[in-house]
Amino acid sequence: MSAIPAAPGADTRDQGRAVPFFRAGRAVFDLSLEGMVWSRRSLLMILLLGLPAPLALLFRIFITRLPPRVGGFDFYGIVIAFYYVRNALPLAALFYATALVADEVEGKTITYLLTRPIQRMSVLAGKFAAYLVTTLALALPAVVLTFFLLTTIRGWSGMGSHVPDLFRDMGVVALTLVTYGAFFTLMGVLLRRPVIPGLLFLFVWELLANAPGYLPRFTITAYLRSLIHHRPPDEGMAEIFAQVLPTALCLEAVGAMIVVFLAGAAWIFSTREYVLDQ
Amino acid sequence: MTATLEYVRASRWYGPVIALNDVTTTVGPGVTGLLGPNGAGKSTFLKLAAGQLAPSQGEVRVLGKAAWGSPELFHRVGVCPETDAFWEGLTGLQFLMALLRLTGFDDAECRRRADHALEQVALTEARDRKIGGYSKGMRQRIKMAQSLAHDPQVLLLDEPLSGMDPVNRRRTVDLVKKLGREGRTVLVSSHILHEVEAMTRRVLLIHNGRILAEGDVREIRDLMDEHPHTVALRARDPRALARAVVGAPHVLSLTFGAEGEWVTVQTARPDEFYSAVVDAAVEAGVSEMYSPDENLESVFKYLVAR
């Protein structure tokens with residue numbers, strides 16, 4: 001027995017350099033995606049992100065008992081703003097993104113990734129891409145299904161005018177997953193036990209979004225919810241939407257946050273030692 | 001000897017604990033055993049060379065480059081970690097293919113190398129089974145395969161024989177020796193003198209984070225002969241195993257483990273025991289074999305006292 005020599009001409013690697021970033025990132029993506037999709041975490045996330053679809057079905061069935069002013073599209077607005085952008089998507093990001101590196105460290109498989117000729121940044125990039133594809137694949141179909149179930153209650157004729165909102169909402173859903181994903185990736189490489197601090201951030205710190213003055217600008221959710229154009233009805237819960245930040249400011253702020261969080265995570269991951277307990 | 005691995009006044013500590021203390025040494029082509037009891041600093045020594053840890057002080061260089069922060073080195077370095085950790089849902093083939101892709105090979109070359117590596121460690125038939133269903137010995141072998149598959153010039157093997165059955169232990173020992181003869185630098189850690197002795201004569205003795213001695217293993221072996229060597233074997237039919245070995249002159253004592261599958265043997269001449277046990281092990285269905293390190297610890301105490 002001996003090690004495996006290359007077939008003639010088969011080894012085209014430049015051994016003086018790490019494997020190119022995108023090639024390495026793609027290999028990490030392929031390795032991570034299957035594990036991520038077929039995990040117990042994904043089963044939970046299917047329930048969490050898919051929940052509005054059966055609720056929308058119930059809403060269709062029982063709409064005749066609700067006040068006539070609550071329409072299907074209004075209910076859809078509440079689902080997007082309160083359920084997805086404020087709660088479910090950040091929670092999905094928390095549970096997936098904090099685990100990108102932590103799962104490999106806890107499973108002690110990180111050694112295999114760190115003893116390959118690849119830049120550590122490509123490991124993080126590949127894993128982040130796998131997280132995005134997984135969560136988008138779970139969230140977007142549920143959003144679309146919920147939209148159709150709720151906007152076609154009284155027939156298909158009125159639905160057409162809402163389709164631009166659907167596309168915009170899908171964009172906000174993606175942006176929410178990227179932004180919170182970047183934030184929780186940073187927390188995941190920074191902290192040994194990131195889930196509790198992450199939950200505190202989501203359900204305590206993010207409440208500042210409802211505070212007066214400049215305080216909402218210190219949250220993530222204030223920017224994301226301002227990007228949702230259609231609103232719930234003008235009464236009741238509408239007060240918490242009082243502060244709508246300009247779209248340009250929201251996009252700039254969210255873009256800056258994504259860059260800063262991901263760059264911070266990449267820097268920490270690239271310079272940190274992973275000492276595994278035997 | 002051209003140095004492949006160089007440690008220059010290298011120290012490494014974890015908070016107040018010193019794992020490696022001011023080590024200066026070199027390792028060249030061929031097989032070198034890194035021998036020491038558990039907690040001696042073997043894994044830290046290897047992890048410094050594998051670029052997994054940065055030295056707290058001093059330098060560690062591999063093939064002339066700083067080991068920490070040089071990922072390109074892993075084109076030419078293979079690492080077999082001690083931890084029994086895998087992506088359990090992958091098959092053996094998928095595991096090797098994934099790691100070869102991370103080493104920069106295209107799919108066709110990955111497949112060719114993966115198949116060859118599986119053949120090398122006798123796992124071809126199990127290649128489509130999930131690693132989660134592998135025995136301890138098979139897991140050790142697939143770990144070994146991933147360290148070899150990209151044809152590295154330097155191999156860092158952390159306790160590679162741990163948990164292997166006698167047949168595969170012999171096969172792996174032969175493989176390591178062959179790799180050494182091919183001119184590769186192979187650094188193998190173990191807490192079992194006789195394991196190392198089967199692979200090489202050249203050893204680094206490490207204890208309490210310091211290199212106690214470098215040189216020929218036979219000198220240590222002479223000391224070792226004063227101490228009985230303990231081997232624990234897990235067998236499908238432990239009584240058949242006991243019957244086969246109990247009458248041998250080199251066997252000092254034999255006890256059955258509480259769970260009924262384990263047999264613990266004390267022997268005065270480990271080499272003879274390991275040679276004699278192979279056939280009996282196949283018949284009795286031995287699936288795991290390990291040696292606790294108390295006897296090596298006693299030799300180290302003796303050496304330190306000298």
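All values below were derived from every heavy atom in this structure, side-chain atoms included, with hydrogens, water molecules and symmetry-related copies excluded. Every chain is numbered from 1 and lettered A, B, ... according to where its sequence line falls, protein lines coming before strand lines.
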S.K.: Contact part of A/V123 toward chain B, heavy-atom cut-off under 4.5 Å: side chain, backbone, both or neither?
M.R.: neither
S.K.: So, do A/V19 and B/R101 sit near enough that their side-chain heavy atoms are less than 4.5 Å apart?
M.R.: no
S.K.: Output the option from B/T44, B/L53, B/D84 having the highest count of non-hydrogen pairs under 4.5 Å with chain A.
M.R.: B/L53
S.K.: What part of B/Q146 is in contact with chain A, defined as an atom under 4.5 angstrom from a non-hydrogen atom: side chain, backbone, both or neither?
M.R.: both
S.K.: Can you say whether B/L73 sits under 4.5 Å from chain A via the side chain, the backbone, both, or neither, judging by heavy atoms?
M.R.: neither
S.K.: For A/M36, does the CE atom sit with more than 12 other heavy atoms under 6.0 Å from it, leaving out its own atoms?
M.R.: yes
S.K.: Does any non-hydrogen side-chain atom of B/P71 lie less than 4.5 Å from one of A/I118?
M.R.: no
S.K.: Taking 4.5 Å as the heavy-atom cut-off, does anything in residues 136-144 of chain B contact chain A, and if so which residues?
M.R.: B/K143
S.K.: Just so I know, are the side chains of A/T115 and B/L156 near enough to count as touching, which here means a heavy-atom distance under 4.5 Å?
M.R.: no
S.K.: Checking A/T271 against chain B: side chain, backbone, both or neither under 4.5 Å from a heavy atom?
M.R.: backbone
S.K.: Would you say that A/R116 contacts B/H150 through its side chain, given a criterion of any heavy-atom pair below 4.5 Å between the two side chains?
M.R.: yes
S.K.: Charged N to carboxylate O under 4.0 angstrom, B/E82 versus A/K108?
M.R.: no
S.K.: So do A/L31 and B/L90 actually touch side chain to side chain, heavy atoms under 4.5 Å?
M.R.: yes
S.K.: Checking side chain to side chain donor-acceptor pair (under 3.5 Å) against A/E273, which of B/R12, B/K47, B/Q52 comes through?
M.R.: B/R12
S.K.: Looking at A/F22, I want to see if its CZ is surrounded by more than 12 non-hydrogen atoms of other residues, nucleotides or ligands under 6.0 Å.
M.R.: no
S.K.: Can you tell me how far apart CG (A/D30) and CG (B/L102) are? Round to the nearest 0.5 Å.
M.R.: 9.5 Å
S.K.: When you measure from the side chain of A/R23 to the backbone N and O of B/G104, does any donor-acceptor pair fall under 3.5 Å?
M.R.: yes
S.K.: Which atoms of A/R26 are under 4.5 Å from chain B, going by heavy atoms: the side chain, the backbone, both sets, or neither?
M.R.: neither
S.K.: How about CD on A/E34, more than 12 heavy atoms from neighbouring residues, nucleotides or ligands closer than 6.0 Å, or not?
M.R.: no
S.K.: Could you check whether the rings of B/W87 and A/Y112 sit parallel, tilted or perpendicular, using 30° and 60° as the cut-offs?
M.R.: tilted
